[in-house]
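What follows is one structure encoded as structure tokens, with my remarks underneath.
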Amino acid sequence: MSSISNSIKDFRMEVNDRFVEIANACSPEFYHDTVEPVYSVDIGRTGDDWTVVKREKADTVLSAPLKEGDSVCFDFGNHQVGYVTIGLGFKGSPPDAPAFIKIKFGELPCEIGEKKEDYHGSIGAGWIQEEFFHIDEIPSVLSLNRRYAFRYMEICVLNVSPKYALTIESITCETVTSADYTQVEPLQGVSERVRKLDSVSLKTMAECMQDVFEDGPKRDRRLWIGDLRLQALTNYETFHNNTLAKRCLYLFAGLKQNEGRVGACLFTKPNLQVDDTALFDYSLFFVSCLKDYYEHTGDRETLVDLWDTAYRQIELSAMRLDAFGLVQDSDDWWCFLDWADGLNKQAGAQAILIYSIKQAIVLAEELKDDARAGQLKQLLERVTKAAIDSLWDKEKGLFVSGANRQVSWASQIWMIIAQVFDCETNIRILENCTADKDAIPMVTPYMYHHYVEALICNGMKDAALEAIDGYWGQMIDDGADCYFELYDPQNKYVSPYGSRIINSYCHAWSGTPAYFIRKYGLK
Ligand code: RAM
């Protein structure tokens, strides 16, 4: 199982008050809707999965008497993010004892079907959306304080007195998002399949757009920079909420870790706080995020403000280079890339450094910062030479990574995106990797996104659409309302956390088909 903790030593937060103030001034406006359950459903085991086995109109269950041990499950017809209110009543004698109920929420049926007690994964079980309530007064209205991400909602009556039965009179959910659908241009002249791929992508984006670009509204509900980079790119082609992107950039720059390092993720509640996790690739993505933002907005003031933070990330990464300019490997969780088991990160990290330096050079030139542009160009030469001298296996026609010279998709894809070689060689690399059955595969939509990007870098637009359809399209065929955090068409229950019930089924880094479709006119 992958380790997911890498706290930096003697962690402390470096706050830039002015940046935080600017971030706060960019807090978003929220959009709401009120939705109700559409169906009442039975969820049961079909083979080794949980599915809806029976579906009726929701109002058949409303007002039905519920005794001890009874439960009802509602289906809201689509994925929702919001606040739930339940109207409770009774049948029989005046309630002479509190009712005791359990409420479970699930993005997928498996979260309703599986028992929380059976979860022993590596991430806190507190993410499982299950609550217990004592209802002292009946009739009454129960307003749940927490925000939930769900399509299914189950209410189990754990206890009522023999003298009465509990009834559910109404259920509503007030949804919340900072995405404004009126900003999205309608797609013209695309196939129905592409339209569907795009609309699920928009839904995924909208559900994750909250106070910041969250990674997932169920889990982790926070701002991760790897996710932000892809969300912001998709946002520039869809919802055009540039202020939200600006807010996130200023938060990362305003709440840094030791030595001015940009953290891997940060929290906005209860206080603004950068996490103590540092990831080599994620810190560098601050450069990408800034370049993408500037390219789309032309907001020079922000570029000037945040340039030092971006440059600092390159300086910090350069400290990890050996004498030849090669990023040093280690056994801890120092770089993300993907959740693939046993994936060696060295080559991918080297490629991301090359990619980021190239972007930093563009920014330095834009700002006429000649001194830094010069430094960056020298560094670029050094790290590119090291990549070719030490990581390129001429015989295999593939990049290798780490002491064991591992071949992985992640290494090839990032070296292609970093454009270490020309297009012709890059296309051959993809062919060679496809032929190498031992190559470590991709396991997250995040890595698949980069695969599609690599195809587009090589001018292979048709192959890109085919890849999107074969992966995200398959997710839709498997019943996805929003795109998942993890998905392997060969192993549908994959989870790096020890159980699929803790996976997020509406996840920002998976929401990028709309970006490719709209930016590259895929039809
Ligand atoms: C998980 C989340 C998040 C991602 C990190 C690295 O916790 O899926 O989105 O960015 O991993």
Side-chain angles (χ1 to χ4, degrees), residues 1-8 81 107-108 111 119 121-128 149 201 204-205 207-235 248-249 251-252 257 261-268 273-286 288-289 332-341 343 345 348-349 352 410 414 442-450 472 475 480 482-488 493-512 515:
M1 190 185 301
S2 321
S3 149
I4 45 162
S5 102
N6 175 30
S7 308
I8 60 174
V81 175
E107 295 181 309
L108 286 194
E111 292 158 79
Y119 170 77
S122 57
I123 288 191
W127 287 118
I128 297 171
S201 180
T204 308
M205 277 289 291
E207 306 282 79
C208 295
M209 284 170 74
Q210 301 293 336
D211 180 37
V212 290
F213 282 105
E214 284 184 10
D215 63 333
K218 173 182 121 179
R219 208 214 84 239
D220 304 322
R221 298 171 64 150
R222 83 187 64 134
L223 177 60
W224 283 89
I225 203 162
D227 302 71
L228 167 65
R229 174 168 154 268
L230 304 192
Q231 278 168 299
L233 283 173
T234 310
N235 168 63
C248 295
L249 278 168
L251 282 174
F252 274 115
Q257 301 175 334
R261 190 182 301 275
V262 167
C265 69
L266 57 81
F267 307 92
T268 52
Q273 170 73 55
V274 66
D275 186 36
D276 58 2
T277 305
L279 293 168
F280 182 88
D281 47 349
Y282 273 32
S283 299
L284 282 171
F285 285 145
F286 186 84
S288 287
C289 290
D332 54 347
W333 197 49
W334 63 281
C335 176
F336 175 61
L337 296 189
D338 196 15
W339 278 128
D341 262 345
L343 175 64
K345 313 289 172 77
I352 291 173
W414 272 111
M442 315 173 245
V443 301
T444 59
Y446 173 77
M447 200 60 233
Y448 268 85
H449 164 95
H450 293 102
W472 283 269
M475 248 189 257
C482 292
Y483 294 129
F484 304 166
E485 174 193 19
L486 283 314
Y487 184 69
D488 178 354
Y493 309 136
V494 70
S495 173
Y497 316 119
S499 165
R500 67 182 149 140
I501 69 164
I502 210 86
N503 288 1
S504 155
Y505 293 98
C506 169
H507 212 73
W509 71 17
S510 191
T512 60
Y515 161 73

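This is a predicted model, so every value here is computed, not measured. Start at 1 and go down the list; that is how both ligands and their atoms are numbered.
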ask   = Taking the six-membered ring for Trp, are Trp339 and Tyr497 ring centroids under 6.0 Å apart?
value = yes
remark   = Note: Arg229, heavy atoms under 4.0 Å from ligand 1, region reported as neither
Tyr446 contact mode with ligand 1 (heavy-atom cut-off under 4.0 Å) = neither
query = What are the atoms of ligand 1, with element, lying closer than 4.0 Å to any heavy atom of Arg219?
reply = 1 (C), 2 (C), 7 (O), 8 (O)
request  = For the residue pair Trp509 and Phe336, categorise the inter-ring angle as parallel (less than 30°), tilted (30 to 60°) or perpendicular (more than 60°).
outcome  = parallel
note = Sequence neighbours excluded, the answer for salt bridge (charged side-chain N to carboxylate O under 4.0 Å, His left out) partners of Arg261 is Glu259
key: Modelled atom types, side-chain donor and acceptor of His507 and Ser510, under 3.5 Å   = no
Sub-3.5 Å N/O-N/O distance, Trp224 and ligand 1 = no
inquiry  = To the nearest 0.5 Å, what is the distance between SG on Cys248 and CZ on Arg229?
reply    = 15.0 Å
request  = List every atom of ligand 1 that sits less than 4.0 Å from any heavy atom of Asp215, numbering the atoms from 1 in the order shown and giving each element.
outcome  = 2 (C), 3 (C), 9 (O)
query = How far apart are the closest heavy atoms of Glu107 and Tyr505, and which atoms are they?
reply = OE1-N, 2.7 Å
Contact atoms of ligand 1, heavy-atom distance to Glu485 under 4.0 Å = 1 (C), 2 (C), 8 (O)
request  = Examine Trp333 against ligand 1 and note whether any of their N/O atoms are separated by less than 3.5 Å.
outcome  = no
ask   = Is ligand 1 under 4.0 Å from a heavy atom in the side chain of Leu279, in the backbone, in both, or in neither?
value = neither
ask   = Which atom pair, heavy atoms only, marks the closest approach of Leu486 to Val494?
value = CB-O, 4.1 Å
ask   = Would you say ligand 1 has an N or O under 3.5 Å from any N or O of Trp509?
value = no
